[in-house]
Amino acid sequence: MIKVKITDEIIREACLVAGFLLLAIGLWLIYPPAMFLVCGLLLLWVGFPSGPKKGGNE
């Protein structure tokens, strides 16, 4: 049997995902196109790096 180790980081990530899904569902109930716009922008904002990498000459 495999033991799953639940850490604070896993709980934090699960809460973030649940919050994002609840936001998406709430926006979908109000106005479906708003859900695609807002959640898509949030995914892009989280997915892209924050800025240029330090220490490079490029």
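The shown structure was predicted, so the numbers you read here are calculated from the model rather than taken from an experiment.
Through direct or relayed side-chain contacts under 4.5 Å between Ile, Leu, Val, Met, Phe, Trp and Tyr, Leu16 connects to no other residue. Counting side-chain heavy-atom gaps under 4.5 Å among Ile, Leu, Val, Met, Phe, Trp and Tyr, Met1 is found in no cluster with other residues. Other members of the cluster containing Ile25 are Leu29, with ILVMFWY side chains joined at under 4.5 Å, either directly or via other members. Using a 4.5 Å cut-off between side-chain heavy atoms of Ile, Leu, Val, Met, Phe, Trp and Tyr, Ile6 falls into a hydrophobic cluster with Val4, Ile11.
The line from CG of Leu21 to SG of Cys39 is 8.5 Å long, rounded to the nearest 0.5 Å. Put simply, CD on Glu13 and CG on Asp8 are 12.0 Å apart, with the number rounded to the nearest 0.5 Å.
Two residues are said to be in side-chain contact when any heavy atoms from C-beta on lie closer than 4.5 Å; Phe20 and Val46 fail this criterion. Using a 4.5 Å cut-off on side-chain heavy atoms (C-beta onward), Leu42 and Leu23 make contact.
Contacts of Phe36 classified as ring-ring contact (aromatic ring centres under 6.0 Å, His included), with partners at least two apart in sequence or in another chain: Trp28. When the side chain to side chain contact (heavy atoms under 4.5 Å, CB included) test is applied to Ala14, no partner is found at least two apart in sequence or on another chain.
Under a hydrophobic-cluster definition in which Ile, Leu, Val, Met, Phe, Trp and Tyr are linked whenever side-chain heavy atoms come within less than 4.5 Å, directly or via other members, Val38 and Met35 are assigned to the same cluster.
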